[in-house]
*Asks:* 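Questions regarding the structure given below will be posed in turn.
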Amino acid sequence: MDTRTIAAAPPPAFTRLAWLLAGAGTLPFLGGIVDLASGGGAALIVVPIYAAVIASFIAGIHWAAALLEPRRFGIRLLIASNGAALLGWLGALLPPTPGFLLFAVLFPALAGVDRQLWRAGLWPLWFWRLRAAISAVVTLACLALAALAAGRLA
């Protein structure tokens with residue numbers, strides 16, 4: 001058990017489900033790559049919207065952390081999470097290439113917050129590992145989507 005966190009260790013079935021659901025959350029990004037690489041264009045519209053939703057979802061997790069530890073993280077984390085949600089919205093509004101590049105910066109930044117929360121003892125190690133792995137996949141996918149969008153729109 002990771003005793004640095006405030007939460008008890010979840011049952012293995014819980015962590016497996018979390019990994020499964022988080023992995024499934026990467027499918028729209030990966031499907032967007034397939035769409036653009038095969039000459040489609042739906043990903044230019046739907047993936048930025050999905051990315052904004054996911055960025056806001058992660059920002060919401062950070063709001064929860066601020067609520068759990070308001071003296072340690074409160075104001076900073078509330079402001080940062082609102083900023084992240086607004087940047088996600090901006091990423092969905094921008095043209096595809098700069099929008100995907102913004103997401104390629106935003107998702108690692110959100111993972112950086114999770115790393116800080118793990119190091120501070122709020123997140124369990126398994127969750128930090130999940131966030132790091134999924135963020136890496138999503139970031140690389142956003143970079144690939146940006147490159148494909150640039151080639152398509154050039």
*Asks:* Of the non-hydrogen atoms in Ala149 and Leu44, which two are nearest, and what is the gap between them?
*Replies:*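 For Ala149 versus Leu44, the nearest heavy atoms are CB-CD2, 3.7 Å.
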*Asks:* Is the shortest heavy-atom distance from the side chain of Arg129 to the side chain of Leu125 under 4.5 Å?
*Replies:*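 Yes; the side chains approach each other to less than 4.5 Å.
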*Asks:* Output the distance between atom SG (Cys142) and atom CZ (Phe29), rounded to the nearest 0.5 Å.
*Replies:*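 Nearest 0.5 Å value for the SG-CZ distance: 5.0 Å.
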*Asks:* Please determine whether residues Leu21 and Phe107 belong to a single hydrophobic cluster, defined as Ile, Leu, Val, Met, Phe, Trp and Tyr linked transitively by side-chain heavy-atom distances below 4.5 Å.
*Replies:*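 As far as the 4.5 Å side-chain criterion goes, Phe107 and Leu21 are not connected within one cluster.
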*Asks:* Enter the distance from Phe14:CZ to Trp19:CH2 here, rounded to the nearest 0.5 Å.
*Replies:*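 Rounded to the nearest 0.5 Å, the CZ-CH2 separation comes out at 13.5 Å.
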*Asks:* Are Ile79 and Val113 co-members of a hydrophobic cluster defined by side-chain heavy atoms under 4.5 Å apart?
*Replies:*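 They do not share one cluster, since no chain of ILVMFWY contacts under 4.5 Å joins Val113 to Ile79.
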*Asks:* Check this for me: Leu20, atom CG, are more than 12 non-hydrogen atoms of other residues, nucleotides or ligands nearer than 6.0 Å?
*Replies:*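 It does: Leu20 CG has more than 12 such atoms within range.
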*Asks:* With the side chain counted from C-beta on, respond yes when Leu143 and Phe100 share a heavy-atom pair under 4.5 Å apart, and no when they do not.
*Replies:*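 No; the side chains remain at least 4.5 Å from each other.
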*Asks:* Let's go through Ile58 and Arg131 carefully: what are the C-alpha distance in whole Å and the side-chain angles of both, what is the deciding distance for side-chain contact (heavy atoms from CB on, under 4.5 Å) to 0.1 Å, and is it a yes or a no?
*Replies:* CA-CA 10 Å; Ile58 296 166; Arg131 288 285 297 116; 3.5 Å; yes
*Asks:* If I take atom CH2 from residue Trp89 and atom CG from residue Leu87, how far apart are they, to the nearest 0.5 angstrom?
*Replies:*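 It is 11.0 Å, given to the nearest 0.5 Å.
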*Asks:* Indicate, with yes or no, if Leu94 and Val138 share a hydrophobic cluster defined by side-chain heavy-atom contacts under 4.5 Å among Ile, Leu, Val, Met, Phe, Trp and Tyr.
*Replies:*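 Linked, Val138 and Leu94 end up in one cluster.
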*Asks:* Strictly distance-based, threshold 3.5 Å: is any side-chain N or O of Ser135 a donor or acceptor partner for the main-chain N or O of Ala111?
*Replies:*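 Pair absent, no side-chain N/O of Ser135 close to backbone of Ala111.
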*Asks:* Look at the side chain of Arg72 and the backbone N and O of Leu68, then say whether any donor-acceptor pair between them is shorter than 3.5 Å.
*Replies:*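 Side chain of Arg72 to backbone of Leu68, a donor-acceptor pair under 3.5 Å: no, none is there.
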*Asks:* Testing the basics here: between Phe103 and Pro48, what is the closest heavy-atom pair and its distance to 0.1 Å?
*Replies:*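 Taking Phe103 first and Pro48 second, the nearest heavy atoms are CZ-O, 3.6 Å.
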*Asks:* Calculate, to the nearest 0.5 Å, the distance between atoms CG and CG belonging to Asn82 and Leu77 respectively.
*Replies:*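 Going from CG on Asn82 over to CG on Leu77, the span is 10.0 Å.
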*Asks:* For Tyr50 and Gly25, indicate whether the former's side chain and the latter's backbone hold a donor-acceptor pair under 3.5 Å.
*Replies:*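 Present.
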*Asks:* Taking all non-hydrogen atoms of both residues, which atom of Val47 and which atom of Leu145 are closest, and how far apart?
*Replies:*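 In this case the closest contact between Val47 and Leu145 is CG1-CD1, 3.8 Å.
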*Asks:* Looking at OG of Ser38 and CD1 of Ile33, how far apart are the two atoms once the value is rounded to the nearest 0.5 Å?
*Replies:*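 So the gap between those two atoms works out to 11.5 Å.
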*Asks:* Are Ile54 and Val137 grouped together when hydrophobic residues (ILVMFWY) are joined by side-chain heavy atoms under 4.5 angstrom apart?
*Replies:*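 Linked, Ile54 and Val137 end up in one cluster.
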*Asks:* With a 3.5 Å cut-off and no angle check, do the side chains of Trp126 and Thr15 form a donor-acceptor pair?
*Replies:*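 Thr15 and Trp126 do not have a side-chain donor-acceptor pair below 3.5 Å.
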*Asks:* Give me the atom names and distance for the closest heavy-atom approach of Ala65 to Leu122.
*Replies:*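 Closest approach of Ala65 to Leu122: CB-CD2, 3.5 Å.
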*Asks:* Nearest 0.5 Å, please: how far is CG in Leu106 from CG in Leu86?
*Replies:*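 It is 10.5 Å, given to the nearest 0.5 Å.
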*Asks:* For residues Trp128 and Asp114, report the shortest heavy-atom separation together with the two atoms involved.
*Replies:*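 Here Trp128 and Asp114 meet closest at CE3-C, 4.0 Å.
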*Asks:* Which heavy atom of Ser81 sits nearest a heavy atom of Trp63, and at what distance?
*Replies:*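 What the structure gives for the nearest pair is OG-CD1, 2.5 Å.
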*Asks:* Any side-chain heavy atom of Phe57 sitting closer than 4.5 Å to one from Ile61?
*Replies:*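 Yes. Closest side-chain heavy atoms under 4.5 Å.
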*Asks:* Are Leu78 and His62 packed together at the side-chain level, in the sense that at least one heavy-atom pair is separated by less than 4.5 angstrom?
*Replies:*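 Heavy-atom side-chain distance check fails, nothing below 4.5 Å.
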